[in-house]
Amino acid sequence: MVRVSYNGYSWPIEVTQAGNAAATSYSAWAEANGLDGAWNAKDANGIYNVFRYAFGVAKGNFTETPLINIAFEDGKPVIKTPPVVNAYGFTFWVASSDVVDGTENVVNYPLDASGKTMIEGNVRPTRFFRLRAELAQ
């Protein structure tokens, strides 16, 4: 469950996977795709398995769309990822912080399933962005 707030109002939003009669859990997806390790384990390239699950890339590199990229539209940062194809059991965020290790002045933005997350509001001149996943409650 994700909460979106704007102008003092807050709405709950639940991201569901479209196109499948039944959502696929990480463990079922990993087994079907020959991926070893827990959702929070990293592969040899340092990519967490949960992001391979989210974007449907079981092996190899993210070639068509990088795992994460940044562009600017109307002066605002836009975080670009592959479209989310598996979200069952997880909540995904773009975490923004003042320092590269992600520990100061952290702001989380819900990851847009389309692969294009616009960062709204006042954005500091120097920000670092990373993807974040957590088990859904």
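Below, each value reflects all heavy atoms present in this structure, side chains not excepted, and no hydrogens, waters or symmetry copies.
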Ignoring hydrogens, what is the shortest heavy-atom contact between [X] and [Y]? Give both atom names and the distance.
X    : Y    : answer
V99  : D101 : CG2-OD1, 2.9 Å
L35  : A58  : CD1-O, 3.4 Å
A133 : V50  : CB-CG1, 3.7 Å
V78  : K116 : CG1-CG, 3.4 Å
Y48  : K42  : OH-CE, 3.0 Å
R127 : R124 : CG-O, 3.5 Å

Does [X] use its side chain to pair, donor to acceptor, with the backbone of [Y] at less than 3.5 Å?
X    : Y    : value
R52  : G60  : yes
N45  : I47  : no
N86  : Y53  : yes
N49  : A38  : yes
R132 : W93  : no
T117 : D112 : yes

Cluster check L135, Y88: I/L/V/M/F/W/Y, side chain < 4.5 angstrom: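 Per the 4.5 Å side-chain linkage, L135 and Y88 are co-clustered.
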ILVMFWY cluster, F72 and I119 together (side-chain gap under 4.5 Å):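 They do share one cluster, since a chain of ILVMFWY contacts under 4.5 Å joins F72 to I119.
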Aromatic plane relationship, W29 with Y26 - under 30° parallel, 30 to 60° tilted, over 60° perpendicular: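 Tilted, since the angle between the ring planes falls between 30° and 60°.
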Aromatic plane relationship, F62 with F55 - under 30° parallel, 30 to 60° tilted, over 60° perpendicular: perpendicular
What's the spacing between [X] [atom1] and [Y] [atom2] if we round to 0.5 Å?
X    : Y    : atom1 : atom2 : value
T91  : N108 : OG1   : CG    : 11.0 Å
L131 : T81  : CG    : OG1   : 6.5 Å
S97  : R130 : OG    : CZ    : 6.0 Å

Count the heavy atoms of every other residue, nucleotide or ligand shown that sit under 6.0 Å from [atom1] of [X], and state whether that count exceeds 12.
X    : atom1 : result
E134 : CD    : yes
N105 : CG    : yes
K76  : NZ    : yes

Do [X] and [Y] have side-chain heavy atoms sitting under 4.5 Å apart?
X   : Y    : answer
D98 : F128 : no
I79 : I70  : yes
I68 : F51  : no

